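From a predicted model like this one, the values you see are computed outputs, not experimental measurements.
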Amino acid sequence: MLKFAVPALALTLAGCATTDKQVAASQSCAGAPKIGLFDPARDLLVANYDGKPDVDDLQAVAGLGSVLKDPAFACVDYVATAGAYGSQGGEYLAAPELFDLAFGDRWLDAHGAREETIGTLARRMLETTSTGGRVWVAEAGQSDVTAAAVRRIPEELWRRVHVVQHSYWNESQTGAEAIQTVVYNTSYHRVQDGNFADNGSPAFNTKDGSHWAALLSHPEVGPLWTEAKRLSDLHNPRAAYVNPAVAAGGLDFSDTVEVAYIFGFDDMAGVGDFVARFAD
């Protein structure tokens, strides 16, 4: 089921009159300063999650949801996608309640409505790039859905789509035509793997479970992490890939390093810095 609604910053809603609150929000964000590489006045964030077979995406959803709940990111226009997978096997881990908690109604279900999702992403990409903005794709999975959406907008706009990827595995599980499209025809940013320390990306993967208490008890982001932990503990023991950090009681939201790169907090060392910033 498609869960997408027109973003809060849009000036009109399909079939509905614009509210004074929406107009005020749009006007206040028009002059918002850049957040890292992202221009809130005109850019769009697309956060794509494959959702199989590793439970790390569940915690990465909570990671981005925590960032977006921070007042400093109130002007970020975004859409998230569940089920944006390529050719890898394993069970798809549906998490609609988690996506609702993280993104409200601003997410798409590529597992249940792939063509409709691709069409909506293409429309959002076209709206942003044709008016001078850039699309930043945080690719927490493969690029098949991204490439399909890009190919539906005019080729002269493809370079205004910035695809950020941290995983050789995800690249290897992306279709040949799709990887060709994003690597050679969009603006492609390959950042270091967020599963490992001291490589230039934050290490958002740890067997240390000491940070769970702060995440679960936080009044704003606690419900996100509670649901992410419930789901990851449920699925990990029987998943096609058993995540060792999660099995040890720790955390793996390594697919949040793309967001860290885009928003400029990629100087964090790892999980502790993230918790201190977004769940303190």
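- Nearest approach of Gly270 to Phe204, heavy atoms of both residues: O-CE2, 3.5 Å.
- Under a hydrophobic clustering in which Ile, Leu, Val, Met, Phe, Trp and Tyr are joined whenever their side-chain heavy atoms come within less than 4.5 Å, directly or via other members, Tyr168 and Tyr85 fall into different clusters.
- Dense packing is recorded around NZ of Lys34, with more than 12 heavy atoms of other residues, nucleotides or ligands lying under 6.0 Å away.
- Among all heavy-atom pairs drawn from Asp144 and Thr174, the shortest one is OD1-CA, 3.4 Å.
- Residue Leu215 is grouped with residue Met268 when hydrophobic side chains (ILVMFWY) are merged at heavy-atom distances under 4.5 angstrom, including chains of intermediate members.
- Following chains of ILVMFWY side-chain contacts shorter than 4.5 Å, one can reach Leu121 starting from Val182, so the two form part of one hydrophobic cluster.
- For the pairing with Gln88, the side-chain hydrogen bond (donor to acceptor under 3.5 Å, both in side chains) check across Gln173, Gln142, Lys52 returns one residue only, Gln142.
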Show your reasoning for whether side-chain hydrogen bond (donor to acceptor under 3.5 Å, both in side chains) applies to Asn243 and Ser232.
-> CA-CA 9 Å; Asn243 187 299; Ser232 56; over 6 Å; no
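- A salt bridge is absent between Asp43 and Arg160; no separation between the charged side-chain nitrogens and carboxylate oxygens falls under 4.0 Å.
- Once rounded to the nearest 0.5 Å, the distance linking OG1 of Thr186 with CZ of Arg159 reads 7.0 Å.
- Closest of all the heavy-atom pairs between Ala178 and Ser143 is CB-O, 4.1 Å.
- No hydrogens or angles considered: nothing links the side chains of Trp158 and Thr181 as a donor-acceptor pair under 3.5 Å.
- Inter-residue side-chain proximity for Val164 and Ile262 is flagged as met; some heavy-atom pair is nearer than 4.5 Å.
- A 4.5 Å side-chain heavy-atom check between Val150 and Val137 finds every atom pair outside the cut-off.
- Between Asp77 and Arg124 the shortest side-chain heavy-atom distance falls below 4.5 Å.
- Looking at Trp136 and Phe263, their side chains never come closer than 4.5 Å, going by heavy atoms from C-beta outward.
- Here Phe265 and Phe278 bring their ring centres to under 6.0 angstrom of each other.
- Note that CD1 of Ile179 is 9.0 Å distant from OH of Tyr184, once rounded to the nearest 0.5 Å.
- Smallest separation of non-hydrogen atoms from Glu115 and Arg152: OE1-NH2, 2.7 Å.
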Would you check, one step at a time, whether the test side-chain contact (heavy atoms from CB on, under 4.5 Å) holds for Thr226 with Leu101?
-> CA-CA 11 Å; Thr226 298; Leu101 287 167; over 6 Å; no
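- Residues Val257 and Gly194 come closest through the heavy atom pair CG1-CA, 3.5 Å.
- Val161 and Val46 fall within the same hydrophobic cluster, defined by Ile, Leu, Val, Met, Phe, Trp and Tyr side-chain heavy atoms under 4.5 Å apart, directly or through other members.
- Smallest separation of non-hydrogen atoms from Leu224 and Ser66: CD1-N, 3.7 Å.
- The number of heavy-atom neighbours closer than 6.0 Å to CG of Asp198, taken from other residues, nucleotides and ligands shown, is 12 or below.
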Please step through side-chain contact (heavy atoms from CB on, under 4.5 Å) for the pair Asn48 and Glu139, ending with a clear verdict.
-> CA-CA 5 Å; Asn48 289 337; Glu139 202 77 282; 3.1 Å; yes
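- For the pair Phe103/Val61, a side-chain contact is recorded, criterion being any heavy-atom separation below 4.5 Å from C-beta on.
- The same ILVMFWY cluster, assembled from side-chain heavy atoms under 4.5 Å apart, contains both Val163 and Val183.
- Ion pair Asp70/Arg277 flagged as a salt bridge, since at least one NZ, NE, NH1 or NH2 atom sits closer than 4.0 Å to an Asp/Glu carboxylate oxygen.
- Side-chain contact check for Tyr49 versus Leu58: every heavy-atom pair is 4.5 Å or farther apart.
- Side chains of Gln59 and Leu251 form a contact here, defined as non-hydrogen atoms less than 4.5 Å apart.
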Output, in order, the C-alpha distance, side-chain angles, deciding distance and verdict of side-chain hydrogen bond (donor to acceptor under 3.5 Å, both in side chains) for Ser254 and Asn195.
-> CA-CA 5 Å; Ser254 51; Asn195 288 288; 3.2 Å; yes
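- The distance between the ring centers of Trp225 and Phe253 falls below 6.0 angstrom.
- Put simply, the side chain of Leu93 reaches to within 4.5 Å of the side chain of Glu91, judged on heavy atoms.
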